[in-house]
Structures are given as structure tokens and as C-alpha cells.
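First up is the structure itself, then whatever we jot down about it.
Below, read A as the first sequence line, B as the second, and so on, with proteins coming before strands; counting in each chain starts at 1.
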There are 2 protein chains.
Amino acid sequence: MREATDTANDPRRWGRGRVLRAIRQAGAIARVDIARQTGISAATVTALTAELLSEGLIERIHPEDRAPDAGRRGRPREALRLRGEARLVAGVKVSHRVITVLLVDFTGAEIGLHEAPRAEIASAPAVLADAIVAATTAACARHGRRLEDVSGICVGLAGQVDGARGHVHWSSALDRRNVDLAPALAARAPCPVFLENDANLVAKAEQLFGRGRGVDNFLVVTVQHGIGMGVILGGELHRGARGCSGELGHSKVVSDGALCQCGQRGCLEAYAGGYGLRMRAAEAGLKDMSVEDLRQAEAAGDPVAIEVLSEARQHFARVLANLVTVFDPELIVLAVEAEEGHPLCTPEVLEQVRQLSLSVDAPPTEIDVQFRDDRMWAEGATAYGIERVEALAVERRPLGQSA
Amino acid sequence: MREATDTANDPRRWGRGRVLRAIRQAGAIARVDIARQTGISAATVTALTAELLSEGLIERIHPEDRAPDAGRRGRPREALRLRGEARLVAGVKVSHRVITVLLVDFTGAEIGLHEAPRAEIASAPAVLADAIVAATTAACARHGRRLEDVSGICVGLAGQVDGARGHVHWSSALDRRNVDLAPALAARAPCPVFLENDANLVAKAEQLFGRGRGVDNFLVVTVQHGIGMGVILGGELHRGARGCSGELGHSKVVSDGALCQCGQRGCLEAYAGGYGLRMRAAEAGLKDMSVEDLRQAEAAGDPVAIEVLSEARQHFARVLANLVTVFDPELIVLAVEAEEGHPLCTPEVLEQVRQLSLSVDAPPTEIDVQFRDDRMWAEGATAYGIERVEALAVERRPLGQSA
DNA sequence: CCATTAATTTTGACACATAAACTAATTCTG
DNA sequence: CAGAATTAGTTTATGTGTCAAAATTAATGG
């Protein structure tokens, strides 16, 4: 039951945001096209872009009259793009043994990466907050910036994280449950700090910079040690009432099944997550196998590997198919932390998903497998950080604007 | 990939809609409270309500100074409410053998119900469109109105219905696939006609008039012959890319399981839908049992009924738990077409759902079982019809407004 | 009856958006 | 090569939506 005064959605600042988003999505775009795409009149686009130009958020480009422009009749269009130097954003990923900080500019272009080791896996809130800010400070120092130059820090955390409230129900990075981490971070940083579940951030990255650009309804499933999901519906990240949506790894695939890290039984992760696969293989006699080892064992004809992977694929495909049935998304991105392949993300599995999901005579949900390295988490954090910093830039009035 | 000129969301008519929605949600509310709840200034609320009053969409109430008002100091608040006579809306449900039309006023109050028999189960599009409009005309006639008085007709159809595009991928009510039914209806009716999946409409009814009032994120699961779902996220109905979201009955609960009506195997409906239960019971030797019969057989200790229902409960609970895990909604409404009880909607099943879903130290998803009669479908249609008619009323300018 | 209180309305000003007219920078055409 | 044609972008005049502050209204309390 949400009520009360939500002044947030100010209809007056609306246009600015639309224009800025159109420019970001297009990369470079002329005013006419902004008007056409957004439905805002050319007059207003001129006014708004003039404002954004004077604030330094965007900039003109004339030299490169890009190819498709050649041979057009009238006045040539003047493309606009975001001005990278306008803002500096830090994306932070807290892992077990390291804190990764990725510094990017307003366009999302990388400025530098920094990794700071962590002394312990589960920290006290104050210790973790200190470490995050210290790592960000160090990242800035290493790349010729100061922490004061940063316009926003976005922190991604595995676990049940309520990004809207800045609250951590549970995370392996903390030594206790129910921590209001956002205030602790805000107190230590000279700029806004945003907190979010790591899978949600990967979804945001896909939306802003990846396959999800311009797609209104899509899901991003992260496949690695655990299995997570970020849900983008109507162009918005859906967090759930408590911020705990998308815990796909803990959806139940069998009754009273294998024991999961979370303490419950029959979770997808317990069969198809990295640790689940290792566990099942170990139980069946294949000790100390990585996912890649298992894949090779299967290829070599090892019956245990074949059995374990086959079961995992079956569960994984069924869960993905049920996502299609329940969400009917345009697109599902499988963001896999692996170099080149993953035994669960094979053409056969995708075909199985198609067969198990309800089909109509219309283009089916596209499933896109993206193999990523471990930077993906910090990149996700920068994506959401940029979005939030952009939102602040949109709201902020031009203020003192004299000659 | 949605692009192009979507002029739809006009930020200027924003306030009108907010005010009207606040009045609808509250039933009766004073201007001060509208201002407080919406965040709109009192001055603007006065202006907007004056406009709505002069258009006859809302009306004043003074006589009943409701109890909590007594003994307050200053000028008494003047409550406002919707004016029922402002609009007439028809909600239509197409069933196998009958078309049900429910006429309601702008507040949702019932004006009259009418049922028209259908000659066939699966009709040609033109025949069905004719029948729907004829039934609506008859409903009007029977209750002293004319079809021309109706401001909007909302038609609920079981099947894969893309309400946004007015397209029916498949419905048992039609004798063919892929029908653009909305244009056929629009051509026959003197007012806007809206088309939607029936489960989505039940969700809309819960949002406007039921347990979902003021709840931003909730799911409505319909349990009867089949199992359907409507998804409300961020206060909006989520339809999916093709309008096929929420096909919960066809999520797969076991690999290569029981055959479903839809032709696939292992669907939830094949175990827990009304026809699925009958099938499973019949296979195990209990022929021709209704769901209610099965419930009584179970209570009487029949081992087959116990077995069949136990399996169904297990699957149903697991699917519901997975909804909690994936959506993290505030609320799930189980809308059950039954008089007093249903073997799948028992306290034990709800307890099982709680045990199978990820829990954090925050209020869990509430699950609310609502037993309804077969009017629920037509009521759902009126709910969405009213919302759409209201949206049109918000957009429409006051136009000629002289003395 | 008048002070007090609270709801509502009026007033004056400003921000945002637009249509229409205008200016600018090209290519095309004779 | 001069203008005609074409397309992009800007300026202007105007309307709409919103708000803060002041004014008005309708009660209660002494």
C-alpha cells in the first residue's frame, strides 16, 4: 500500500529527460530526429538542447557528416551527443575477495579500473562502507581524479538488496542481516551513492549499453556461481515490493530436491548454478570439477558428467520456458560469466526452451547468450550510476546562468 | 524494439488524471486530501476539480458530514465523488455457451446484467463480433438504455489475446487463429471497444475495486477450469511483448508430464486446473468427478482423490512460490470460481508456498483467496472498461463551455 | 460577536510547450 | 552561377498547467 506525497514524477522536467535519453540512446542524433522520436516539437527541442548545451551536458559535432547524410538536399543536420567530461561515475562491485571500481564518463566510456583486495569475506557494515569509499578514492587517484570529481557511486552487491530503500536484507558481503547500507555509504562519500542487487545492475547495463537498448520488456539472467535475474518491464527495472524480485536461482524445480546454499531444497541453483553442478558431480563421484571440466568430461563421454549436465539443462530450460510463459518478454539475455561457452547455454537448451514455451503465430521471445568476463558486474554498476546521475542532472535547474 | 512517435503520454493532462484517480480510489474525498495525496497544490486541485465538476464527471456531497469530521475547527471540507451518471460502461464476457453483459455506471455500480446464449462454441470473427454487439444492445434495452448511451465496451476473452493490439492469437471462442477482432468490433459499435484476456481483466477488477486497491505490485491468479494470471506491476497491467504474459496454467511443472489441452506436456493446468484434476482422477479410476466431488472424496478418505489432490497441491504451491521468488509482489490474489472452498486453495497450500519461497525479515507476500461466482469475468471487463473510458474523459478537452 | 482555525478560491507570475513565421545552409535546376 | 527547392534549426507570440501567496469562506470556541 503506497500512498502519500510522491512529488517525484514532476511533469515539468519531463521534456529534458526525454531529450537526454534520446541522445544517449542514439549516440549521436540531430535535433529533427529527437523531435521525431520523442514527439516533442522542434521548437521545444531547440530550447531544451540549448539549455543542455549551455550546461555542458551535451555537445555539437559537425566535422563528421556521417555517410548516410551525403547527398541530402536541404540544410545539413547538426548532430548532438553527450559530453563525456560532463560527469564522472564510479561503478563498484563487491566480490568475496576484492572490490572492483570502474570509473566511466558521462557517455559510459571507461576512464579506468581499480581493484582493491578485501581482508575478509563478510564484513561489518561500517568496515564495508569504508572499504568501498576507500577503493573508489584509490581508483580516482590512480586515474588522475579526485573523489570530489565523482558525481555518483553505484554499488552492486550479491544478495537480497532493496535498492529503492538502500537496504540489504542479506548479502554474503556483510556479517549480519538487515543492514541499511546506503546511509552508511552516503555519510562517507561526497556524492550520491546508489545501492543495488548485482543482477539488476547487469540488466541495467544491457538496457543502456547492450542488447536491451530500446527494448521495453526483457529479462537478463546471470549464470555463474549462482543464477540471478534482472527484470526490465515497460522500460523500468522491476525490483519487487521488498527489492527481492528475480531470485531465479531459488525458484524450485523439484519437490524436496537437492539442498541449496540458501538452506532450502530443490532450488534451480542447486542443480544448475556453478556450485550446484560441482556438488551434483561430486556426489556422483566426480570430485573437484569446474564447470569447464564438466563440459569437457561430458564431451569425452563421461557418463556422470552427461547425467549431471543433462539434469541441469532440463531444469534450466524449464525455468527459462516458464519465464517466457509468465512474462512474455521480447528478449531474454543470458549473461554468462565464461570465456567462450557454458554447458547450460547451448543451442539445444534454447531449442528446448522454445519447445516448452507457449507459442503463437508471432515472433517468439529472442534468447541471446552473451559470454562476459568478471567486469560485467562493475559495468552494470556504472550503467545504473550513469542513469541516476543523469536523472539528477535533469532535475537540477540551470541556476546561475549569467554572462 | 519500440521506437517512433509515441505522442500518447501527454504530460500536460497529467494532473486531471491523477485527481480523478484519487477520487475514484477514495470513493469520497475532500480537495485538501487530494492535494495531500497527489502532491498537487491546493490551487491546482481547485482548478482541476472545478473543470471536472463542470464536465459532470464528479459531484459534490455536503449533507453527510461523515462521522470523523465532527468536532473539527475551521471550514468543513467538502467531499467530492465520481458522478455515476457521467458514463455508462459495458463489460462483456464471452463463455462457451453464453455471452454475459454487465452494465455499470462511471463509479462501477451495477446497472444491470444480461445473458445471451451462443449458438456455437467457436464462431467466425464476424459472427462473434455481431453477437457481442447484439448482446450489449439487448442488455441496454433491458435496462432502459440505448447502445448509443454506452461510452465504452470491454470484452474479455479466454485465450491468447493481445489487448494492446486488439488481436486474438488464439481463443476457444473463435474458429480460427490470428484474428484482429478489435476492428471488427469497432466497426459494429458506436463507441470504443476494448479487448483483453479475461485473467488480465480480473486483475484490473482487483486493482480498481478489490484487494489490489492502492497496491502497486500484485498478481491475480484465476483458478477454475484453467489457471490464468494477471500481472500488475508499478500500478500498470503488464501484458507482455505479444500480449501473452501470465499464461500460468501452461508453465511446466514436470518434464515430459501429463498431456495438457494445449498439446504440450507437464503444464500446471494438466494437474491442477479443473479439467486436469478430472483427467488425473479419471485415469486413476475415479470417473466423472467434479472438483467439488473430488474434495469430498478426499475428505471421505478416498486414496485416489488424496493422491490426485496432493500431487496437484504440490505443483500449485511450487508454482505460486516461484511467482513470489521471481516477482516479489506485495500481494497475490487467488480468484477462485467456487462457492465456498477449493481443494487447491487451502491454508496448507498457502503455508507450503511460504515455506518454498525465499524469505527475508520483511513482511512476506500476502496471499488472499477470494471465492467468486461466474460474474467475476464480466466484472473484470467493466473495471478495465471504466479505466479506459476514464482515460478518454481525462484526455478530452472541456470544449464548448459557455453560459 | 469576534478570534481562531482550516478549506477553498482567487490572483499574479512563471515554466514549458507549441504553431507559425523566420532564418540558415545546403543541393538542384535551368 | 543565380535563384528555386529543400530541409534544419531558431524566434516569436501565445496558451496551458502549475504554484505560492493572499484573499475568502465557513465552520468552532470563547
Side-chain angles (χ1 to χ4, degrees), chain A residues 5 7-20 23 28-54 58 60-63 65-66 68-80 394-399 401, chain B residues 5 7-20 23 28-54 58 60-63 65-66 68-80 394-399 401:
Chain A
T5 36
T7 324
N9 193 354
D10 189 341
R12 286 178 301 175
R13 283 262 164 287
W14 193 71
R16 265 169 79 89
R18 286 289 302 247
V19 168
L20 209 48
I23 296 173
I29 186 172
R31 281 169 259 248
V32 228
D33 291 324
I34 298 175
R36 265 198 273 271
Q37 278 185 27
T38 60
I40 296 171
S41 75
T44 304
V45 170
T46 292
L48 293 175
T49 53
E51 208 177 276
L52 294 170
L53 280 165
S54 84
I58 61 174
R60 286 174 242 259
I61 10 177
H62 2 72
D65 259 7
R66 285 161 350 289
D69 251 45
R72 293 172 61 100
R73 282 290 289 278
R75 172 175 173 171
R77 32 190 65 190
E78 182 185 53
L80 302 171
V394 167
E395 277 168 41
R396 191 104 45 217
R397 307 301 309 289
L399 29 109
Q401 190 184 328
Chain B
T5 36
T7 324
N9 195 354
D10 189 342
R12 284 178 302 173
R13 283 261 164 287
W14 191 73
R16 263 169 81 88
R18 285 289 303 245
V19 168
L20 210 47
I23 295 173
I29 185 173
R31 280 169 261 249
V32 229
D33 291 324
I34 298 175
R36 265 196 275 271
Q37 276 184 30
T38 61
I40 295 171
S41 75
T44 304
V45 170
T46 292
L48 292 174
T49 54
E51 208 177 276
L52 295 170
L53 280 165
S54 84
I58 61 173
R60 287 173 242 258
I61 9 178
H62 2 72
D65 259 7
R66 284 158 354 287
D69 252 45
R72 294 172 59 102
R73 284 291 290 271
R75 175 175 175 171
R77 32 190 64 192
E78 183 185 51
L80 303 171
V394 167
E395 276 168 41
R396 192 104 45 219
R397 308 301 309 287
L399 33 106
Q401 191 184 326

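In this structure, the CZ atom of Arg77(B) is 14 Å from the P atom of dT28(D), given to the nearest Å. To the nearest angstrom, P of dA7(C) lies 14 Å from CG of Leu80(B). As rounded to whole Å, 14 Å separates atom P of dA8(D) from atom CD of Gln37(A). Computed from coordinates, the Arg16(B) CZ to dT18(D) C1' distance equals 15 Å when rounded to whole Å. With rounding to whole Å, Arg36(B) atom CZ is found 10 Å from dA6(C) atom C1'. With rounding to whole Å, Ile61(A) atom CD1 is found 12 Å from dG9(D) atom P. Between Trp14(B) atom CH2 and dG17(D) atom C1' there is a gap of 12 Å when expressed in whole angstrom units. Distance CG (Leu52(A)) to P (dC16(C)): 12 Å, rounded to an integer number of Å.
With values rounded to the nearest 0.5 angstrom, Leu20(A) atom CG is found 10.0 Å from Leu48(A) atom CG. How far CD1 of Ile61(B) is from CD of Glu78(B): 9.0 Å, rounded to the nearest 0.5 Å. Atom OG1 in Thr38(B) sits 7.5 Å away from atom CH2 in Trp14(B) (nearest 0.5 Å).
Smallest separation of non-hydrogen atoms from Ile40(A) and Arg18(A): CD1-CB, 4.0 Å. The two residues Ala79(B) and Ala28(B) have their closest heavy-atom pair at CB-CB, 4.4 Å.
Thr46(A) pairs by the side chain to side chain donor-acceptor pair (under 3.5 Å) definition with nothing, not counting sequence neighbours. Taking Thr49(B) as the reference, Val19(B), Arg31(B), Ile34(B), Val45(B), Ile58(B), Leu80(B) meet the side-chain contact (heavy atoms from CB on, under 4.5 Å) condition, with sequence neighbours excluded.
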Gln37(B) vs Ile29(B), side chain to side chain contact (heavy atoms under 4.5 Å, CB included): CA-CA, chis, key distance, verdict: CA-CA 10 Å; Gln37(B) 276 184 30; Ile29(B) 185 173; 3.8 Å; yes
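In terms of phosphate contacts, Arg31(A) brings a side-chain nitrogen or oxygen within less than 4.0 Å of OP1 or OP2 of dT10(D).
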Shorter than 3.5 Å, N or O on both sides, protein versus nucleotides 22-27 of chain D: list them out with atom names.
unit_1, atom_1, unit_2, atom_2, d
dA26(D), N3, Arg75(B), N, 3.3

Produce the list of close N/O pairs, under 3.5 Å, pairing protein atoms with atoms of nucleotides 19-21 of chain C; give distances to one decimal.
none

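When the nearest nucleotides of DNA chain D are assigned to Val45(A) and Ile40(B) by heavy-atom distance, the more 5′-ward of the two goes with Val45(A).
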